[in-house]
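Quick note on labels: first sequence line is chain A, next is B, and so on, each numbered from 1.
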Amino acid sequence: MQAFDRLARPIQKWIRSKGWRELRDIQARATHHILTTNEHLIVAASTAGGKTEAAFLPLLSDVLDREGLAGSGFDLVYIGPLKALINDQCKRLQDICTETELKVTPWHGDVSASIKSKAEKQPSGILLITPESLEALFIRKGNSIPHLFGRTRAFIIDELHTFLDAERGVHLRSLMARLELSIGRGVRKVGLSATLGDISLAKAYLDPDRPEQVADIVAQGGDSELQMQLRAYINGGEEDNAALRAVSDHLFDRLRGSNNLIFAGSRGRVEEVADRLRTKSEEERLPNEFYPHHASLSKEHREFVEERLKSESLPTTAVCTSTLELGIDIGDVTCVAQIGAPFTVAGLRQRLGRSGRRAGQPAILRQYAIESRIDQNSHFADRLRLDLIRSVAMINLLLIGWCEAPNRRALHLSTFVHQILSVIAERGGASAKRIFATLCEKGPFRSIEPPLFVSVLRHLGSPGVDLVEQSEDGMLLLGKRGEKIAEHYSFYAVFKTPEEYRIVHDGKTLGTLPIVQVLAPKMALIFSGRRWEVLSVEEADNTILVKPAPAGRPPKFGGEPGLIDDRVIQEMKRVYLDDAIPEYLDETAAGLLCEARRNFKMLGLETQRIIAIGETKALLAIWQGSVKSNTLALALSAKGFTVAAYDGLLDVEGKNADCSLETALSKIQAAETPRIFSSNTNLMFDKFHPYLSTELLQQDAMSGKLDINALPALADLI
DNA sequence: GACCTGCTGCGGCTTG
């Protein structure tokens, strides 16, 4: 039987109206699978690969043709990570459903209360919702969950890779498990994704008990030809920004006249590059077509840039951060430029997926490395050209199809605290036994054993914390502070957001700035692609008033460094030891690669792993990623050393150390439980960390951000 | 030496 014939009549009619001659391969396979089995499924294909239709054409047919489950509720529940994505998908699904009676309901913070209350009274059809809005339903309408989802046949999880074992993914997994408990049965799950490094981890996300039972449909071939070039630029003096200007000028020449994305690495650099490109357009008396796009810019400005990209009426290049990495529809772009090495190969792959989506068009990557001028006294990180080498390593890994896997060891105690409060709020009270069964036995917190559960719960109820309290019959209730926290709408998200200033010109908000730097009147600012002078700082309502100005500097946005995978650093070492010059390097980059390899040998890194630099300094080459580097760095700083980590290389200074470096390393190697924390180690990273004890915070850090078991091997460097 | 994501109920107002 042909896949098309399995689909419901109205769906077939819609396909004909589109003029499609046949279903795509993944759509046909998904149709057979969904309509002949009850298994969970992962559909993996590139951004424009027709994943949404692959899942929904058969799922909608199932709803239309087959008798439904008893009870009330939405038939299909789509979960998306972005409001904009939900809006996009909502339009597409409404179009597919035109010939049916099925309702399509978007549900997120921007959707009006009237639409929500209407859907709540008579839930049916397709619901498109964010994890946070689903959380809000548990908190506010805990008793209505069976009414809303009693006959739900499937969860469709879009951009599955953004969830997995990140804190927001653990949150969503917990919500799905709780929903299933609440309606008394399991629900089929269909995950959609473009970038899955290890598909078995995605399967374990959908069904941790029986991952091998989860089917997958991966688009065959489909990847278009990849063209790429890595160009390197060298800065002059210390403060000189000549290289970034040269990169901008090169981009100006190559990208004008078409639609492109420039990933600049940080919001500050986005503003800097966008400013340079705009002023160059002015200098050459050409209309500007380069616009900044990042999360701190106003929604209006961002939508303007997105619309310009989508409409394809005027050539447009967005200089952006990872805001434009995810799947909102901005059409096809000619080329993707990346300034500086990215932190993950997965992100690089996702970005590249934005280009070359039309048949016959190649995907084009323009990678730029910015290096400094060096001499014999330069720091080893500069002499080794770490940024350039990491770019090469990441492109190599991209080419062999590797990308990072999520971390499955992490306890996620912050999200755990959140879910404990949520389970209690859902029913107005819950026994400890029930919470444990819900979250740790059925839910995603399976590595939390009863003793750890008890110590978390004890701490939440301890004096001064007051999140939870126990009634006389043993039920756990929200304490005074717990009630206040769970009542406020800021509770629904599990991730933390910093306090911000609003930047205002002429009554209009240009965007926001995290409060990490002191801004004062008369300071010059580059923001939203233009130049400003600060008029006043209103501390009362965190507002900064600005007026246009002829000069400016990009502001500091703050942020923490990202985690780099072990495999990336190991590939960097391989690149140093290799002789080959990749074809995609320009002349400068090839020269710098040879120079970096010479310096690698000159420093002695070919044969040694500890290199003394002067009397008290040393370079430790551990060739592992951020988690392991940070662990050894912490263990050494607990012994009085000052340590900085550079891509698998530790810069160690021992002036105030308790002992020699060799002694410290052998002690770390021999110790059963090496001391790595001191009183000033910062362990508060996540939203609910302030409600955990130091001991619990240490356990949380050791489960995700540190790898204490690796210490003996890491310290074995002699 | 980084980036991103999300959010309810209700009081008070105007308007038909």
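For the pair A:Arg390 and B:dG1, the criterion of a side-chain N or O lying under 4.0 Å from OP1 or OP2 is not met. Regarding contacts with the backbone of B:dC7, every side-chain N or O of A:Arg168 stays at 4.0 angstrom or more from both OP1 and OP2. For B:dG6, the OP1/OP2 oxygens have no side-chain nitrogen or oxygen of A:Lys687 closer than 4.0 Å.
Closest to the A:Thr497 side chain, of the nucleotides B:dG1, B:dG9, B:dG6, is B:dG6. Which of B:dC7, B:dG9, B:dC4 sits closest to the side chain of A:Lys141 comes down to B:dG9. Side-chain proximity of A:Thr321 to B:dG6, B:dC3, B:dG1: nearest is B:dC3. When distances run from any side-chain atom of A:Ile564 to the nucleotides B:dG1, B:dT5, B:dT8, the shortest one goes to B:dG1. Of the candidate nucleotides B:dG1, B:dC4, B:dC7, B:dG1 has the atom nearest to the side chain of A:Pro561. Considering only the side chain of A:Lys83, B:dC7 comes nearest among B:dC7, B:dG1, B:dC3.
Expressed to the nearest 0.5 Å, how far CG of A:Leu352 lies from CG of A:Leu365 amounts to 5.5 Å. A distance of 8.0 Å separates OG of A:Ser248 from CD of A:Glu272, quoted to the nearest 0.5 Å.
One atom, NE2 of A:His161, and another, C1' of B:dC3, lie 13 Å apart when rounded to the nearest Å.
With no hydrogens or angles considered, no side-chain donor-acceptor pair links A:Glu120 and A:Ser144 at under 3.5 Å.
No N or O donor and acceptor, one from the side chain of A:Asp110 and one from the base of B:dG6, sit under 3.5 Å apart.
Each of A:Leu592, A:Leu384, A:Asp382 was evaluated against A:Ile374; a single residue qualifies, A:Asp382, per the side chain to side chain contact (heavy atoms under 4.5 Å, CB included) test.
Stacking annotation: A:Tyr492 is not stacked on the base of B:dT8 (requires ring centroids less than 5.5 angstrom apart and an interplanar angle below 30 degrees).
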